[in-house]
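In what follows, a structure is listed as structure tokens, so that the remarks can point back to it.
Every heavy atom of this structure was used, including side-chain atoms; hydrogens, water molecules and symmetry mates were not.
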Amino acid sequence: MDKHLGPSFFVDIRELRSWCAIPAAELPGHQELRVPYRQVADSIELGALMAGELVQAIEENNNQGRPTRAIIPCGPTCWYQPFRSLVNARGVSLNGLHVFHMDECLDWQGKPLPKNHPYNFRTFMERNFYGGIRPELGVPEGQRYWLLPATAEQVRAAIDEAPVDISIGGWGQDGHIAYNQARRHPYHHPTLEQIANSTIRIQENNIDTIIALARRTFGAAYQFVPPMSITLGIRECLSARKVRVYSDTGAWKQTALRVALFSEPTPEYPMTLLQTHADAIITATLETARHPISENPDWELL
């Protein structure tokens with residue numbers, strides 16, 4: 001087994017407290033970082049950075065006459081407008097871009113959501129990622145790989161055809177990349193190695209994911225949150241030459257960030273597997289880098 005895929009299953013709570021106690025200002029360049037980390041002021045700066053990095057990858061390949069193969073998320077949302085502006089202003093052709101969409105939400109029977117459901121990722125991406133791009137610059141329909149139960153094998157085969165240039169995305173409250181949530185089934189506990197090798201699958205969403213999304217979108221009406229999802233696995237997400245993850249959503253992501261930066265890889269937080277990638281970078285806004293434990297040193301937690 002790879003030395004990165006060690007035996008620890010849960011983070012140690014005393015270590016967790018020490019990571020969360022580090023002031024946000026001390027995170028960049030911290031001597032104990034396990035993965036490269038950047039910190040930006042706010043959503044505006046994050047969106048510009050995220051858009052610029054994808055456009056740069058596309059332009060470099062266009063200049064070499066090569067296609068660009070990219071794994072693209074539905075969120076963070078701050079980068080879509082800067083991306084459209086850069087592409088249109090520079091006349092960057094997306095004709096050679098192949099987009100592998102990271103995940104999609106499903107209803108309780110594993111079927112696609114209604115078109116205008118706020119968690120229908122395809123509808124959102126058609127409006128905010130593809131929409132607004134000058135028609136002559138756009139991504140051809142046949143190069144847009146939408147992930148659904150009916151297309152899973154097609155998407156898997158297309159990703160395996162050639163190397164992926166860049167994988168971009170965010171992370172969840174439990175450190176999930178795409179919808180690779182921490183597995184909390186009472187009778188099944190995959191090893192870290194199994195998680196690292198995970199591939200496209202349909203799954204039930206964790207209760208904490210449902211509650212977090214309910215609070216974020218529906219005024220805590222969890223009844224409207226999709227109970228299932230389909231996702232690229234960690235193997236696909238980390239197969240890209242470059243992996244870049246970003247967050248500007250504050251409290252929901254603060255603890256997962258600290259674990260990703262300082263913990264050994266653990267199944268409890270799948271994004272700790274970013275440490276095993278040769279070119280992965282985590283970027284967070286100051287609000288996401290903050291932590292209440294660091295701002296309340298008088299708290300007695302243990």
#### Entry: Criterion ring-ring contact (aromatic ring centres under 6.0 Å, His included) on His30 and Tyr37, from CA distance to verdict
CA-CA 9 Å; His30 195 284; Tyr37 173 66; over 10 Å; no
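- When all heavy atoms are compared, the tightest approach of Cys237 to Met102 is SG-CE, 4.3 Å.
- With respect to Glu53 and Arg38, a salt bridge is recorded, a charged nitrogen being found less than 4.0 Å from a carboxylate O.
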### Task
Please step through side chain to side chain contact (heavy atoms under 4.5 Å, CB included) for the pair Thr231 and Gln181, ending with a clear verdict.
CA-CA 10 Å; Thr231 185; Gln181 302 163 93; over 6 Å; no
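- With a 6.0 Å radius and a threshold of 12 heavy atoms from other residues, nucleotides or ligands, Ile44 has its CD1 atom at or below the threshold.
- Residues Leu192 and Pro267 are in side-chain contact: their nearest non-hydrogen atoms beyond the backbone lie under 4.5 Å apart.
- A distance of 13.0 Å separates NZ of Lys242 from OG of Ser167, quoted to the nearest 0.5 Å.
- Heavy atoms from other residues, nucleotides or ligands lying under 6.0 Å from CZ of Arg201 number more than 12.
- Counting only residues at least two apart or on different chains, the salt bridge (charged side-chain N to carboxylate O under 4.0 Å, His left out) pairs with a member in residues 119-133 are Arg122-Glu126.
- Between the Thr123 side chain and the Lys115 main chain, a donor and an acceptor come within less than 3.5 Å of each other.
- Although no hydrogens or angles enter the test, the distance criterion places a donor-acceptor pair under 3.5 Å between the side chain of Thr151 and the main chain of Leu148.
- Rounding to the nearest 0.5 Å places CD1 of Ile202 at 9.5 Å from OG of Ser229.
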### Query
Run the side chain to side chain contact (heavy atoms under 4.5 Å, CB included) check on Ser239 and Val164 step by step: do they pass?
CA-CA 7 Å; Ser239 70; Val164 175; 4.1 Å; yes
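- Hydrophobic clustering, with ILVMFWY side chains joined whenever heavy atoms are under 4.5 angstrom apart, keeps Ile168 apart from Leu238.
- Across all their heavy atoms, Ser247 and Thr249 have their closest contact at OG-OG1, 3.2 Å.
- A donor-acceptor pair is defined here as one N or O able to donate and one able to accept, closer than 3.5 Å; such a pair exists between the side chain of Asn95 and the backbone of Gly138.
- Between Phe83 and Phe129, the ring-plane angle classifies as parallel under the 30° and 60° cut-offs.
- Taking OG of Ser18 as the reference point, atom CZ of Arg14 lies at 11.0 Å (rounded to 0.5 Å).
- Using modelled atom types, no side-chain atom of His277 and backbone atom of Leu273 make a donor-acceptor pair closer than 3.5 Å.
- Under the 4.5 Å side-chain heavy-atom criterion for grouping Ile, Leu, Val, Met, Phe, Trp and Tyr, Val259 is connected to Val245 within one hydrophobic cluster.
- For the ring-ring contact (aromatic ring centres under 6.0 Å, His included) condition, the pairs that include at least one residue of residues 92-112, sequence neighbours left out, are Phe100-Tyr145, His101-Tyr130, His101-Trp146.
- For the 3.5 Å distance criterion, the side chains of Thr68 and Asp165 fail to qualify, holding no donor opposite an acceptor.
- Here the closest non-hydrogen pair linking Ala289 and Leu27 is O-CD1, 3.7 Å.
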### Message
For Ile72 and Leu54: C-alpha separation, side-chain torsions, deciding distance, then whether side chain to side chain contact (heavy atoms under 4.5 Å, CB included) applies.
### Response
CA-CA 10 Å; Ile72 301 292; Leu54 179 57; 3.8 Å; yes
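- In the model, Ser263 has no side-chain atom that pairs as donor or acceptor with a side-chain atom of Arg34 under 3.5 Å.
- In this structure, the side chain of Arg69 engages the main chain of Pro163 through a donor-acceptor pair within 3.5 Å.
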### Message
Determine whether Glu268 and Asp174 satisfy the following criterion, side chain to side chain contact (heavy atoms under 4.5 Å, CB included), listing intermediate values before the conclusion.
### Response
CA-CA 7 Å; Glu268 190 178 9; Asp174 60 351; over 6 Å; no
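- Across every non-hydrogen atom of Arg134 and Gly91, the tightest pair is NH1-CA, 4.0 Å.
- The minimum heavy-atom distance linking Ile58 with Ser93 is given by the pair CG2-O, 3.7 Å.
- Using modelled atom types, one finds a donor on one side chain and an acceptor on the other under 3.5 Å when comparing Gln173 with Thr209.
- The distance from atom OG1 of Thr276 to atom CD1 of Ile234, rounded to the nearest 0.5 Å, is 9.0 Å.
- The other residues sharing a hydrophobic cluster with Ile210 are Leu113, Tyr119, Phe121, Tyr179, Leu213, Phe218, Tyr222, Phe224, Val225, Trp252, where clustering joins ILVMFWY side chains under 4.5 Å apart.
- Of the inter-residue distances, the one linking Leu274 atom CG with Trp171 atom CH2 reads 9.5 Å to the nearest 0.5 angstrom.
- The aromatic ring centres of His176 and Tyr269 sit 6.0 Å or more apart.
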### Task
Please lay out, stage by stage, how Arg66 and Glu59 fare under the test salt bridge (charged side-chain N to carboxylate O under 4.0 Å, His left out).
CA-CA 10 Å; Arg66 297 193 303 259; Glu59 286 185 317; over 6 Å; no
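- Note on Phe124 and Val87: same hydrophobic cluster, where clusters join Ile, Leu, Val, Met, Phe, Trp and Tyr whose side-chain heavy atoms are under 4.5 Å apart, directly or indirectly.
- Side-chain contact between Ile293 and Leu301: present, with at least one pair of heavy atoms (C-beta onward) separated by less than 4.5 Å.
- Counting only N and O atoms by type, the side chains of Gln64 and Glu60 include no donor and acceptor under 3.5 Å apart.
- Residues Leu147 and Ile166 do not share a hydrophobic cluster, defined by chaining ILVMFWY side chains whose heavy atoms lie under 4.5 Å apart.
- At a threshold of 4.5 Å between non-hydrogen side-chain atoms, the residues Pro67 and Asn61 do not count as touching.
- Proximity of a side-chain donor or acceptor of Ser85 to a complementary backbone N or O of Pro82 within less than 3.5 Å is not detected.
- Atom-to-atom distance recorded for Glu104:CD and Met125:CE is 10.5 Å, nearest 0.5 angstrom.
- Side-chain atoms of Thr285 never come within 3.5 Å of backbone atoms of Ala41 as a donor-acceptor pair (strictly under, hydrogens ignored).
- When only modelled atom types and interatomic distance are considered, Thr199 and Glu236 share a side-chain donor-acceptor pair under 3.5 Å.
- A distance-only check finds a donor-acceptor pair linking the side chain of Arg258 to the backbone of Ile22 [under 3.5 Å].
- No side-chain donor-acceptor contact under 3.5 Å links Glu287 to the backbone of Asp248.
- Of the possible polar contacts, none joining the Asn120 side chain to the Asn116 backbone as a donor-acceptor pair under 3.5 Å is found.
- Both Val92 and Leu137 belong to a single network of hydrophobic side chains, linked directly or stepwise wherever heavy atoms of I, L, V, M, F, W or Y lie under 4.5 Å apart.
- Listed here is the closest heavy atom pair of Pro292 and Gln254: CD-OE1, 3.5 Å.
- Checking His188, Gln203, Gln194 one by one against Arg183, the side-chain hydrogen bond (donor to acceptor under 3.5 Å, both in side chains) holds for a single residue, His188.
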